[in-house]
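Below: the structure, in structure tokens.
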Amino acid sequence: MNRVVLVRRGASVEARECGDDGRVVGTARLPAEELAGFVRAREPGRVRWVWDDTTRWYPGLLDAGVRVERCTDLRLTHAVLRRSPFVDQSLLTDDETPGWDALQPVSATEAALFPLDDPADRLDPVGEHRRQRVALAAAEERSRLDLLLAAESSGALAAAEMTHAGLPWRADVHERLLTELLGPRPTAGRRPAVLEGLLAEIRRALRVPELNPDSPGELLRALHAAGLPVPDTRSWTLERLDHPGIPALLEYKRLSRLLQANGWNWLDTWVRDGRFRPWFLPGGVVTGRWASSGGGALSVPVQVRPAAVADQGWRFVVADVAQLEPRVLAGMSGDTAMAEAARSADLYEGMVAAGAVAGRADAKVGMLGAMYGGTRGESGRMMPRLARRYPRAIGLVEEAARAGERGELVHTLLGRGSPPPAGEWAARPVDLGEPADEELPREVRDRHRRSWGRFTRNFVVQGTGAEWALCWLADLRNRLWRLGSGTVAERPHLVFFLHDEVVVHTPGHLAAEVADEVRHAAAAAGRLLFGSFPVDFPLDVSVVRSWAEAG
DNA sequence: GAAGGAAGCGCC
DNA sequence: AAAGGGCGCTTCCTTC
């Protein structure tokens with residue numbers, strides 16, 4: 001594989017050819033405006049482009065109509081290697097390391113505002129690349145780390161392409177939906193008519209003429225005065241109350257939430273030219289999940305999904321994995337009994353069929369408890385049964401929890417390490433007797449320990465689930481490219497990704513092939529992570545005009 | 001008036 | 001006896 005490190009030098013770019021060990025074997029220098037043509041010309045020769053950070057290079061290439069198949073995003077791979085327990089840190093670190101640790105992605109607006117003072121320009125990508133290659137060559141579990149770094153970098157390409165293409169969004173459909181639910185758009189600072197009506201009803205029922213239900217403090221006092229001794233004003237707390245004002249209050253909360261989070265202001269801010277373009281942030285969560293920025297992309301409510309409509313003659317292919325995390329747990333722990341349950345399209349039904357639990361609800365609440373650390377009530381009662389039937393799977397998460405409680409680090413299947421615990425509790429070994437003065441009381445320390453144990457318990461499963469999803473996404477991205485011709489947005493392409501769900505925008509006549517490729521990519525991801533271990537990842541796949549029709 | 005925390009709620 | 005993971009966003013409310 002040819003590796004070419006791209007380096008910014010003022011108005012020009014250096015392209016430095018490297019061997020697998022990161023040593024430079026050749027250099028070309030070109031004016032920045034010739035970069036897109038250079039990359040386009042070299043791309044067919046199976047190049048891995050190496051750059052400091054995908055958000056600083058790839059949006060410009062995409063705007064110029066250039067797509068690349070593979071890259072190394074040094075910012076992201078640095079972050080993984082720095083925390084991986086498979087890596088000898090002394091091979092990786094250098095005077096520049098704090099600069100790489102601190103490097104942040106940019107959005108296009110920032111890049112336009114501050115083109116001249118970028119901390120990335122004070123870092124040397126060639127040196128960092130060489131250090132990473134040396135550290136990787138000496139790492140334990142080299143092939144797992146290789147896979148993780150490749151998948152992480154591919155994710156960065158997919159993220160940039162999704163923002164570039166945008167999720168098709170019909171503002172007219174969205175506006176009609178808002179008007180039906182809330183009434184016509186009010187002038188700035190006024191409530192929509194439907195909310196005003198509900199407000200009057202709430203004030204009447206609670207006998208507080210000036211009540212502002214958007215203020216939790218005010219609302220709580222009003223509820224108490226009405227003889228409703230609630231501890232908070234959350235919807236699920238209020239649902240259990242029997243009082244004439246409550247239905248209107250719950251409806252007010254539901255509609256008010258829609259208005260605030262995804263109302264007309266959201267449309268004005270985030271939808272342009274028929275596209276919703278959030279920023280996806282690969283590696284933005286410590287577990288390896290993506291974060292997002294702008295428009296709340298990771299929590300687009302079901303309520304407004306009817307407005308996501310494929311272009312004329314195009315379709316969405318929407319796919320999600322059923323019970324990703326329990327399946328991943330079965331695979332990473334090598335628990336054949338749980339993998340057997342996972343053979344079923346519904347893993348929880350598979351557990352019922354095996355006689356492990358009485359009903360689907362028990363299976364679900366038990367597994368969620370095992371993965372999140374819920375031990376109270378129903379899910380706690382299920383744990384002994386599950387531990388007997390699935391000793392390896394349950395043992396793996398229990399061990400991760402105990403390690404976290406001891407202040408130790410855990411890691412995912414491919415080698416992403418958990419962050420070190422912070423805080424005073426972590427500075428002390430477990431059994432030092434009673435604390436001295438000015439130290440945390442024992443019960444406070446223990447609470448922190450258990451809380452961190454729940455985090456590390458979940459880290460190994462959530463993080464390995466994120467690795468499966470990244471491999472799925474990376475493989476799918478390349479399969480989609482091969483289905484069409486032209487630029488990214490002219491072929492079937494990804495427009496949305498959320499933990500265990502993808503949305504592909506595709507010309508209608510290719511939709512069936514896209515659905516096949518989505519399934520093939522999922523099977524390939526399973527083999528990449530778990531080899532021949534027999535754990536299935538069945539998908540729900542829908543071909544639809546609107547996102548809301550999926551599922 | 002800016003900044004930051006808490007409450008609350010949406011997604012997985 | 002108590003013990004449920006990860007996010008982003010908007011509003012309210014306190015602090016400086």
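Just so we're on the same page: letters track the sequence lines, and every chain starts at 1.
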### Query
Under 4.5 Å between any side-chain heavy atoms of A/Ser153 and A/Thr54, yes or no?
no
### Query
A/Phe276 and ring pair (Phe, Tyr, Trp, His ring centres under 6.0 Å): which partner among A/Trp266, A/Trp270, A/Trp547?
A/Trp266
### Query
Taking atom types as they are modelled, is there a donor-acceptor pair under 3.5 Å from the base of B/dC9 to the side chain of A/Arg234?
no
### Task
Under 4.0 Å between any heavy atoms, over every strand shown, what does A/Ser451 touch: base, sugar-phosphate, or nothing? Just pick one.
nothing
### Message
Can you measure A/Trp290 atom CH2 to C/dC7 atom P for me and round it to whole angstrom units?
### Response
17 Å
### Query
Nearest to the side chain of A/Leu498, which nucleotide is it out of B/dG10, B/dG8, B/dC12?
B/dC12
### Query
If we call it a pair only when both distances are under 3.5 Å in a Watson-Crick or G-U wobble match, what pairs with B/dC11?
C/dG6
### Query
For B/dC9, does OP1 or OP2 lie under 4.0 Å from any side-chain N or O of A/Ser235?
yes
### Message
Rounding to an integer number of Å, can you tell me how far A/His448 NE2 sits from C/dG5 P?
### Response
14 Å
### Query
Contact class for A/Asn262 (heavy atom, under 4.0 Å): base, sugar-phosphate, or nothing?
nothing
## Note on the structure
From the candidates B/dC9, C/dG6, B/dA7, the one with an atom nearest any side-chain atom of A/Arg257 is B/dC9
### A/Tyr372-C/dG4 aromatic stacking (under 5.5 Å, under 30°)
no
### Message
Looking at C/dC13, I'd like to know if its phosphate oxygens (OP1 or OP2) sit under 4.0 Å from a side-chain N or O belonging to A/Ser215.
### Response
yes
### Nearest listed nucleotide, side chain of A/Asp232, among B/dG8, C/dA3, B/dG10
B/dG8
### base_contact_polar (C/dC7 base, A/Arg289 side chain, donor-acceptor, <3.5 Å)
no
### Query
If you draw a 6.0 Å radius around CZ in A/Arg207, do more than 12 non-hydrogen atoms from other residues or ligands fall strictly inside?
no
### Message
For A/Trp169 and A/His174, take the angle between the two ring planes, folded into 0 to 90°, and tell me which bin it lands in: parallel under 30, tilted 30 to 60, perpendicular over 60.
### Response
tilted
### Message
Does B/dC9 have OP1 or OP2 under 4.0 Å away from a side-chain N or O of A/Lys253?
### Response
yes
### Task
Calculate the interatomic distance between A/Phe497 atom CZ and C/dC7 atom C1'; express it in whole Å.
14 Å
## Note on the structure
Whole-Å distance, A/Trp236 CH2 to B/dC9 P, equals 11 Å
## Note on the structure
Quick note, A/Asp214 side chain, CB onward, closest among C/dG5, C/dC12, B/dC11 is C/dC12
### Message
Using whole Å, what does the distance between atom C1' of nucleotide C/dT11 and atom CG of A/Leu259 come to?
### Response
12 Å
### Query
At under 4.0 Å between heavy atoms, what does A/Gly284 touch on the DNA or RNA strands: base, sugar-phosphate, or nothing?
nothing
### Message
Going by the rule salt bridge (charged side-chain N to carboxylate O under 4.0 Å, His left out), which residues pair with A/Glu196 if we only count those two or more places apart in sequence or in a different chain?
### Response
none
#### Entry: Base paired to B/dG1 (Watson-Crick or G-U; both N/O distances under 3.5 angstrom)
C/dC16
### Task
From the options A/Val317, A/Leu494, A/Val495, select the one residue that forms a side-chain contact (heavy atoms from CB on, under 4.5 Å) with A/Val503.
A/Val495
### Task
Please report, rounded to the nearest Å, how far the P atom of B/dC12 is from the CG atom of A/Leu473.
17 Å
#### Entry: Rounded interatomic separation in angstrom, taking CG from A/Asp500 and C1' from C/dG6
13 Å
### Query
At under 4.0 Å between heavy atoms, what does A/Val461 touch on the DNA or RNA strands: base, sugar-phosphate, or nothing?
nothing
### Query
Roughly how many Å is it from CZ in A/Arg447 to C1' in C/dA1, rounded to a whole number?
13 Å
### Query
Nearest to the side chain of A/Pro216 - C/dT11, C/dC12, B/dC12?
C/dC12
### Message
Need one value for A/Arg305: base, sugar-phosphate or nothing, where a base atom within 4.0 Å counts as base even if backbone is also close, heavy atoms only.
### Response
sugar-phosphate
